[in-house]
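So you know, we letter chains A, B, ... as the sequences are listed, proteins then strands, and number each from 1.
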Number of protein chains: 2
Amino acid sequence: MRPNKRGELVRKALDLFYGNGFHATGMDLVAAETGVSKTSIYKHFRSKEELILAVLKLRDEDFRTWLYTRLEARADTPRGQLEALFDVLQEWFEQPGFQGCMFIKASAEYQSPDDPINLQSADHKQVLQAHFAHLAAGAGASDPDALARQLMVLKEGAIVLAALTHSSAPARDARAAAAALIEQAIG
Amino acid sequence: MRPNKRGELVRKALDLFYGNGFHATGMDLVAAETGVSKTSIYKHFRSKEELILAVLKLRDEDFRTWLYTRLEARADTPRGQLEALFDVLQEWFEQPGFQGCMFIKASAEYQSPDDPINLQSADHKQVLQAHFAHLAAGAGASDPDALARQLMVLKEGAIVLAALTHSSAPARDARAAAAALIEQAIG
DNA sequence: ATGTTTATTTACCGATCTGTTAAGTTATAT
DNA sequence: ATATAACTTAACAGATCGGTAAATAAACAT
């Protein structure tokens with residue numbers, strides 16, 4: 001398989017899993033939609049689980065790169081980027097294909113605490129929280145970790161409700177709440 | 001089927017779906033675990049989807065009854081109940097079988113916007129939000145709906161993160177955030 | 001040109017999926 | 001006692017699940 005063909009496969013599999021769910025998307029469909037035969041898929045991934053893990057890895061990279069880039073485009077100070085978080089998330093919610101957070105959905109379908117899919121999803125959230133804590137520290141927050149955790153709560157809540165209501169309105173509610181919390185934590 | 005036998009069936013199906021997921025739980029397993037034959041199940045529910053909808057209806061009643069009861073046990077004023085919300089949620093997170101919000105998981109697996117399962121999940125959130133708005137109005141909030149929406153964002157975020165991290169810590173972060181928002185909205 | 005690897009198609013495996021059919025059992029009501 | 005309904009077991013569809021084996025075609029190096 002050409003090296004970039006594998007990337008196309010994972011990327012297309014991402015769309016299928018994201019749009020239809022993990023259990024509901026069979027490997028036959030993945031093969032049909034990617035044009036890669038099932039035999040070839042299983043040459044590169046020993047199981048469906050391994051393919052899902054590769055998909056989640058790609059999603060983590062894509063999403064974090066996109067988020068960080070959009071935050072930097074909106075503000076060049078740590079505090080400004082924290083305040084811009086829910087404006088950027090609102091952009092995401094308003095994109096045509098928005099269907100919620102892939103990691104939340106993955107851990108909802110594979111909820112055993114020691115399932116690799118669950119662990120990798122938890123890791124994604126951990127990396128994001130560390131980034132927010134880094135920004136909070138740069139902005140001079142008295143307790144950067146606490147502010148980061150609070151922003152994470154708002155972020156996950158906004159994503160879930162935006163997906164459930166098919167509306168970007170929760171981003172505005174979260175934005176208002178975040179502004180108050182940031183003001184309180186930094187001054 | 002005896003009238004209470006049907007209730008036992010739905011209740012046991014709830015446990016199975018909640019613990020294993022919806023697609024991952026087959027009707028054969030439901031029949032085996034409930035002791036109700038598959039034929040009898042299909043006498044009362046025309047499809048798996050109808051059973052799931054009955055399960056969600058039961059969950060909505062159970063959860064809201066439990067939540068309202070616990071809130072009233074902790075405070076007898078609207079504002080007090082709003083402030084107690086995340087203490088009560090923390091109780092939930094620390095219960096042995098806690099596995100996140102069933103409605104979020106249901107809408108994650110059946111994400112088509114017009115899927116009855118998705119619509120019923122959205123309805124549950126709507127009813128809860130209306131209750132919070134009622135409390136906020138009783139507490140004298142200047143914009144009760146806005147406060148209710150913000151609390152919903154915190155609530156969903158706390159639930160998702162508690163499930164993902166297998167910890168009740170997000171309840172404390174959400175509690176602190178909620179206290180600031182309530183103080184700001186009511187004074 | 002020839003041998004070797006690499007990828008593809010096609011068909012298949014056993015298990016499980018939702019849902020049904022047919023025949024037998026149990027309980028209830030008259 | 002007997003008719004009727006409720007419920008059971010058991011087997012069966014037809015489709016799909018994740019995953020493989022064998023045969024074929026294309027790319028490659030020598």
Identify the pairs formed between an N or O of the protein and an N or O of nucleotides 15-17 of chain D at a distance under 3.5 Å, and give each distance.
none

Using a cut-off of under 3.5 Å, enumerate the N/O to N/O pairs linking the protein to nucleotides 21-25 of chain D.
from	atom 1	to	atom 2	distance (Å)
D/dA21	N6	A/T39	OG1	2.9

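Using a 30° and 60° split on the angle between ring planes, B/W92 and B/F98 fall in the perpendicular class, above 60°. Between B/F22 and B/Y110, the ring-plane angle classifies as perpendicular under the 30° and 60° cut-offs.
Side-chain N or O atoms of A/Q150 include none that pairs as donor or acceptor with a backbone N or O of B/A176 at under 3.5 Å.
We find that CD of B/E49 is positioned 16 Å from C1' of C/dC17, with the value rounded to whole Å. Rounded to whole Å, atom P of C/dC17 lies 13 Å from atom CD1 of B/I41. Going from atom OH of B/Y42 over to atom P of D/dT8 covers 15 Å, rounded to whole Å. Here C/dT18 presents its P atom at 19 Å from NE2 of B/H44, a figure rounded to the nearest Å. Across the protein-nucleic acid pair, B/F45 atom CZ and C/dT18 atom C1' stand 16 Å apart, rounded to whole Å. Taking atom NZ on A/K38 and atom P on C/dT10, their separation rounds to 14 Å, with Å as the unit. Between the P atom of D/dT20 and the CZ atom of A/R46 lies a distance of 11 Å, rounded to the nearest Å.
Annotation: the span from A/E94 atom CD to A/L89 atom CG amounts to 11.0 Å, rounded to 0.5 Å.
Take the nearest nucleotide of DNA chain D for B/K43 and for A/F22: the residue whose nucleotide is more 5' is B/K43.
For the residue pair A/Q99 and A/K105, no side-chain donor N or O sits within less than 3.5 Å of a side-chain acceptor on the partner.
Using a 4.0 Å cut-off between charged side-chain N and carboxylate O, A/E83 and A/R79 make a salt bridge.
Residue A/Y68 is grouped with residue A/L85 when hydrophobic side chains (ILVMFWY) are merged at heavy-atom distances under 4.5 angstrom, including chains of intermediate members.
Contact detail for B/F45 and B/L9: the closest heavy-atom pair is CE1-CD2, 3.8 Å.
Side chains of B/Q90 and B/R175 form no contact here, defined as non-hydrogen atoms less than 4.5 Å apart.
No engagement by A/G35 is indicated, since no non-hydrogen atom pair under 4.0 Å with the nucleic acid exists.
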